[in-house]
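Only one structure is covered here, and it is reproduced in the block below.
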Amino acid sequence: MKKILCAGLLLTSFSTIAAGPEFNDLSKKQLEDVGNEFAVNFSHTAVAAPETNGLWGVEVGLIAGQTGTPELKKAIDQAGEDGSKFKNLYTAGLMARAHFPFELFAEMTTLPKRDISDVEVSNQTFGLGWNLGRLIGLPLDLALGANFSNSDIKFSQVINNTSTGLADVNSDMKLSSKSNVYWVGASKTFLFVTPYVKVGTASTKSDLDIDASNANATVFNFTASQKANVSSSGSYLAVGANLQFFLFRFGVEASNTIGVKRVAGKFSIAF
């Protein structure tokens with residue numbers, strides 16, 4: 001399993017977060033935007049149609065995605081660093097999906113805790129759904145679902161601003177994010193291709209916690225605290241398609257969650 005995970009991680013580039021971002025003079029609005037981009041990047045997707053086929057079914061594979069993060073780029077530019085390296089964030093991991101009697105299905109993805117250069121990343125997500133369309137015999141799959149995710153990113157940063165008296169202060173940063181999505185989706189299989197769409201509402205919560213040798217050191221301009229909590233909410237839209245050849249399944253998905261755009265892909269085995 002570890003070999004499979006490593007192979008999947010090679011499909012994406014973590015170079016944009018390998019050196020760790022730099023923050024300074026963050027407003028609450030900036031933290032909300034940046035926190036939302038991180039939360040959406042690590043939010044749940046199995047790149048799967050909201051379908052059930054048969055009484056039981058299992059799917060396992062790899063997912064990878066890219067999220068546009070213009071607000072993160074701006075925040076890093078503001079800190080005097082090169083924000084162009086952070087105009088996108090990437091993620092990858094293992095996925096599993098299963099469906100059960102009464103047209104219920106469950107999904108999960110995981111990126112086990114790992115160190116990438118001086119950045120520590122971990123991510124776990126899961127989703128639940130009910131395919132009402134198949135249960136009542138509609139000519140297409142029509143499902144209700146909910147997705148949840150938790151992620152942590154830890155990195156080191158030198159803080160040098162008025163809060164430190166313009167002296168260098170070493171710090172450890174921890175950005176924790178959660179996301180919830182509630183959706184309704186539809187799909188229909190045409191030969192080997194299953195296009196799908198999901199629409200709904202989403203919310204994210206993010207905490208940025210600073211552990212510094214100087215108790216006054218902070219990167220916020222709206223609080224003297226070394227910890228701040230923010231949240232965002234809005235709409236969710238995802239469109240995608242799955243292509244299946246025998247046991248092998250390929251998927252692609254584009255989504256917009258609270259204004260943050262992401263594309264993701266999948267390779268899996270379904271049986």
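In this chain, numbering begins with 1 at the start of the sequence shown. FYI, side chains are in, hydrogens and waters are out, and symmetry mates aren't considered; it's all heavy atoms of this structure.
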(message) Rounded at 0.5 Å granularity, tell me how far NE2 in His44 sits from CD1 in Ile63.
(response) 7.5 Å
(request) Using a cut-off of 6.0 Å, state whether more than 12 heavy atoms not belonging to Phe100 lie near its atom CZ. (result) yes
(message) Looking at Gln66 and Asn88, would you say the former's side chain and the latter's main chain have a donor-acceptor pair under 3.5 Å?
(response) no
(request) Please collect all salt bridge (Lys or Arg N to Asp or Glu O under 4.0 Å) contacts where either partner lies in residues 257-271, sequence neighbours excluded, each pair once. (result) Glu59-Lys266
(message) Do Asn221 and Ser27 pair up side chain to side chain, a donor and an acceptor below 3.5 Å, judged on atom types alone?
(response) no
(request) Could you note down all residue pairs passing salt bridge (Lys or Arg N to Asp or Glu O under 4.0 Å) where residues 127-141 supplies at least one of them, sequence neighbours left out? (result) Glu103-Arg134
(message) Checking Ser156 against Asp172: is there a side-chain donor and acceptor pair closer than 3.5 Å?
(response) yes
(request) Look at the side chain of Trp130 and the backbone N and O of Phe102, then say whether any donor-acceptor pair between them is shorter than 3.5 Å. (result) yes
(message) Whether the side chain of Gln226 engages the backbone of Asp209 through a donor-acceptor N/O pair (distance < 3.5 Å, no angle test) should be reported.
(response) no
(request) Could you work out the complete set of other residues in the hydrophobic cluster of Val40, with links drawn between I, L, V, M, F, W and Y side chains under 4.5 Å apart? (result) Val260
(message) Under a 3.5 Å cutoff, is there a donor and acceptor pairing between the side chains of Glu51 and Tyr196?
(response) no
(message) I'd like to know if the side chain of Asn131 reaches the main chain of Leu104, judged simply by a donor and an acceptor atom lying under 3.5 Å from each other, with no hydrogens or angles considered.
(response) no
(message) Closer than 3.5 angstrom, by distance alone: can the side chain of Glu71 be matched with the main-chain N or O of Lys73 as a donor-acceptor pair?
(response) no
(message) For the residue pair Thr189 / Thr194, report whether a side-chain donor-acceptor contact shorter than 3.5 Å exists.
(response) yes
(message) Does either side chain, that of Thr52 or that of His99, offer a donor lying less than 3.5 Å from an acceptor on the other one?
(response) no
(message) With a 3.5 Å distance limit and no angle check, can you tell me whether Ser206 reaches the backbone of Gly35 through a side-chain donor-acceptor pair?
(response) yes
(message) Suppose we screen for side chain to side chain donor-acceptor pair (under 3.5 Å). Which residues come up paired with Asp33, at least two apart in sequence or across chains?
(response) Lys29
(request) Rounded to the nearest 0.5 Å, what's the gap from CD on Gln244 to CZ on Phe192? Could you check? (result) 9.5 Å
(request) Measure from NZ or CZ of Arg97 to the centre of the six-membered ring of Phe105 and say whether it is under 6.0 Å with the direction within 45° of the ring axis. (result) yes
(message) Assess, by modelled atom type and distance only, whether the side chains of Ser163 and Thr218 contain a donor and an acceptor separated by less than 3.5 Å.
(response) no
(request) Classify the angle between the aromatic ring planes of Phe42 and Phe38 as parallel (below 30°), tilted (30 to 60°) or perpendicular (above 60°). (result) parallel
(request) Scan side-chain atoms only and decide if Ser179 and Thr204 contain a donor-acceptor pair under the 3.5 Å cut-off. (result) no
(request) Keeping the roles fixed (side chain from Thr69, backbone from Phe86), state whether a donor-acceptor pair exists under 3.5 Å. (result) yes
(message) Test of understanding: with ring-ring contact (aromatic ring centres under 6.0 Å, His included), list the residues that count as partners of Phe248, not counting sequence neighbours.
(response) none
(message) If you compare all heavy atoms of Glu37 against all heavy atoms of Leu72, which two are closest, and at what distance to 0.1 Å?
(response) OE1-N, 2.9 Å
(message) I need the full list of salt bridge (Lys or Arg N to Asp or Glu O under 4.0 Å) pairs touching residues 225-246, with sequence neighbours left out, sorted by first then second residue.
(response) none
